[in-house]
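Here's the structure, in structure tokens; my notes come after.
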There are 2 protein chains.
Amino acid sequence: MSARKNVEETAHVHAPREAPCGPDEHAKRPKARKVSDRQIERAASIFRAVGDPSRLRLLERLSAGEWCVTELAEAAGTGLSTVSQQLKLLRAERIVTRRRAGKHIYYALADRHILDLVESAIAHADEDHRHDDHDDD
Amino acid sequence: MSARKNVEETAHVHAPREAPCGPDEHAKRPKARKVSDRQIERAASIFRAVGDPSRLRLLERLSAGEWCVTELAEAAGTGLSTVSQQLKLLRAERIVTRRRAGKHIYYALADRHILDLVESAIAHADEDHRHDDHDDD
DNA sequence: GCAATACTTCATCATCTATTGAAATGAGTG
DNA sequence: CACTCATTTCAATAGATGATGAAGTATTGC
């Protein structure tokens, strides 16, 4: 991403306007980015991690408490290795934690933030999937 | 996804245990899924949409108010068409709304939920990117 | 140590995604 | 209606991602 940045520069010859759109209150835009690239990347990375049905389902399960990989795989109906990979990704993002107990490894949600995130998203999706298609302009 | 589901079935011959992990309190697991597949898909879909740095940056900008496509493209430093595609996706997920004003089309965040989501994620990422790597087992 | 169980890593592959230039559409203006 | 500006759609392409079986590591018990 951000391969080239002067695409529309070549399109118009005269100098580009400061704010080409602003009707009136849009005249002075704060163009400085409030948030660093690093933070954006990190936040997006977390979202991407939970933005997958299988992984989200995993998190939903974990919201009920600790589970080991075998259990999770059984509940998900997919291979062990699949679930392990998914958990690996979630762990890399610090969304889940694991603890060893003998031969088993128990996974759990990393913190309450994640729980809130998952629950609120599901709640939002719940509201949402009823009035399914409409347009807004 | 969910191509085949009986992978580990072939691995062990004897009947699979109900709860192969549970030390004691994990004996009786509520295996029923609390949330429908549809909801999970929808929630994941929203997360996936915001789980991209470019789109998240777009949303960050929109959290400051309405912007038109030209402005957003200029601020992002990418092509117009790129931004348009990104907005199209966000709109398909009902994350942003648009309104026409003459030749311009102004985009805005769809609701306060989204604003909260974006802001809390960025806040979380802010906490997070300081203590960058550590392990948890 | 050896077998068994629990889990992870590796390599592969099909599928999905993001970005892009070019061409198309839509809205305002003379 | 021709012209311009704003935005979208199209098609192609490079790159990312997710699932999977096989092979590897770790822990327990004999």
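So that the names make sense, note that chain A is the first sequence line, chain B the second, and so on, each numbered from 1. Not measured: the values here are computed from a predicted model.
Taking 4.0 angstrom as the limit, B/T82 places none of its side-chain polar atoms (N or O) nearer than this to OP1 or OP2 of C/dT19. Contact annotation: A/Y107 reaches the phosphate of C/dT8 (side-chain N/O to OP1 or OP2, under 4.0 Å). Residue B/S54 places at least one side-chain N or O under 4.0 Å from the OP1 or OP2 atom of C/dT19. Proximity of A/R98 to the phosphate of C/dT8: a side-chain N or O atom is located under 4.0 Å from OP1 or OP2.
When the C1' atoms of four end pairs are superposed on the next four at each end of the helix from C/dG1-D/dC30 to C/dG30-D/dC1, using five pairs per end, the two resulting axes differ in direction by 20°, to 10°.
We find that CZ of A/R57 is positioned 14 Å from P of D/dA19, with the value rounded to whole Å. A straight line from CD of B/E93 to C1' of C/dA18 spans 15 Å, rounded to a whole angstrom. In this entry the distance linking CG of B/L89 with C1' of D/dT8 reads 14 Å, nearest Å. The distance from atom CD of A/Q86 to atom P of C/dT9 is 14 Å, rounded to the nearest whole Å. One can place CZ of B/R91 at 8 Å from P of D/dT8, the figure rounded to the nearest angstrom. The OH atom of B/Y106 sits 14 Å away from the C1' atom of C/dA27 (whole-angstrom rounding). The nearest whole Å value for the distance from the CD atom in A/E66 to the C1' atom in C/dA6 is 16 Å. When the P atom of C/dA27 is taken as reference, atom CD1 of B/I105 falls 8 Å away, rounded to whole Å.
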Quick one: do B/D52 and B/R57 satisfy salt bridge (Lys or Arg N to Asp or Glu O under 4.0 Å)? Show the steps, please.
CA-CA 8 Å; B/D52 174 84; B/R57 183 67 84 181; over 6 Å; no

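With values rounded to the nearest 0.5 angstrom, B/S54 atom OG is found 12.5 Å from B/Q85 atom CD.
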Strictly under 4.0 angstrom, non-hydrogen atoms only: write out the protein contact profile of nucleotides 23-30 of chain D, one letter per nucleotide from the 5' end, B, S or -.
---SBS--

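We find that A/E66 and A/R99 are joined by a salt bridge, their nearest charged nitrogen and carboxylate oxygen being less than 4.0 Å apart.
Considering only the side chain of A/T78, D/dT20 comes nearest among D/dT20, C/dT8, D/dT9. Comparing atom distances between the B/T70 side chain and each of C/dC7, D/dT7, D/dT20 picks out D/dT7 as nearest.
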Atom pairs, N/O to N/O, protein against nucleotides 13-17 of chain D, distance under 3.5 Å?
unit_1 : atom_1 : unit_2 : atom_2 : d
D/dT17 : OP1    : A/R48  : NH1    : 3.4

Between the protein and nucleotides 10-12 of chain C, list every N/O to N/O distance that falls short of 3.5 Å.
unit_1 : atom_1 : unit_2 : atom_2 : d
C/dC10 : N4     : A/Q85  : NE2    : 2.8

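A/R48 approaches B/G51 most closely through the heavy-atom pair NE-O, 3.1 Å. Between B/E60 and A/I40 the shortest heavy-atom distance is OE1-CD1, 4.2 Å.
With sequence neighbours left out, the side chain to side chain donor-acceptor pair (under 3.5 Å) criterion links A/D116 to A/R112. Residues forming a side-chain contact (heavy atoms from CB on, under 4.5 Å) with B/I105 (at least two apart in sequence, or on another chain): B/R98, B/R100, B/Y107. Applying the side-chain contact (heavy atoms from CB on, under 4.5 Å) criterion to B/S63, with sequence neighbours excluded, gives A/K34, B/L109, B/L115. B/A49 meets the side-chain contact (heavy atoms from CB on, under 4.5 Å) test with B/L89, B/L90, B/E93, B/I95; sequence neighbours excluded. Under the rule for a side-chain contact (heavy atoms from CB on, under 4.5 Å), the partners of A/T82 that lie at least two apart in sequence or sit in another chain are A/T78, A/Q86. Annotation: ring pair (Phe, Tyr, Trp, His ring centres under 6.0 Å) contacts of B/F47 (sequence neighbours excluded): A/F47.
Within 4.0 Å (heavy atoms only), B/L87 reaches no atom of the nucleic acid at all.
Judged purely by atom type and a 3.5 angstrom limit, B/W67 uses its side chain to pair as donor or acceptor with the backbone of B/R61. The backbone N or O of A/I114 sits less than 3.5 Å from a side-chain atom of A/D111, completing a donor-acceptor pair.
Between B/Q39 and B/V35, the closest side-chain pair of non-hydrogen atoms falls below 4.5 Å.
A ring pair (Phe, Tyr, Trp, His ring centres under 6.0 Å) check over residues 78-97 of chain B, counting only residues at least two apart or in different chains, returns nothing.
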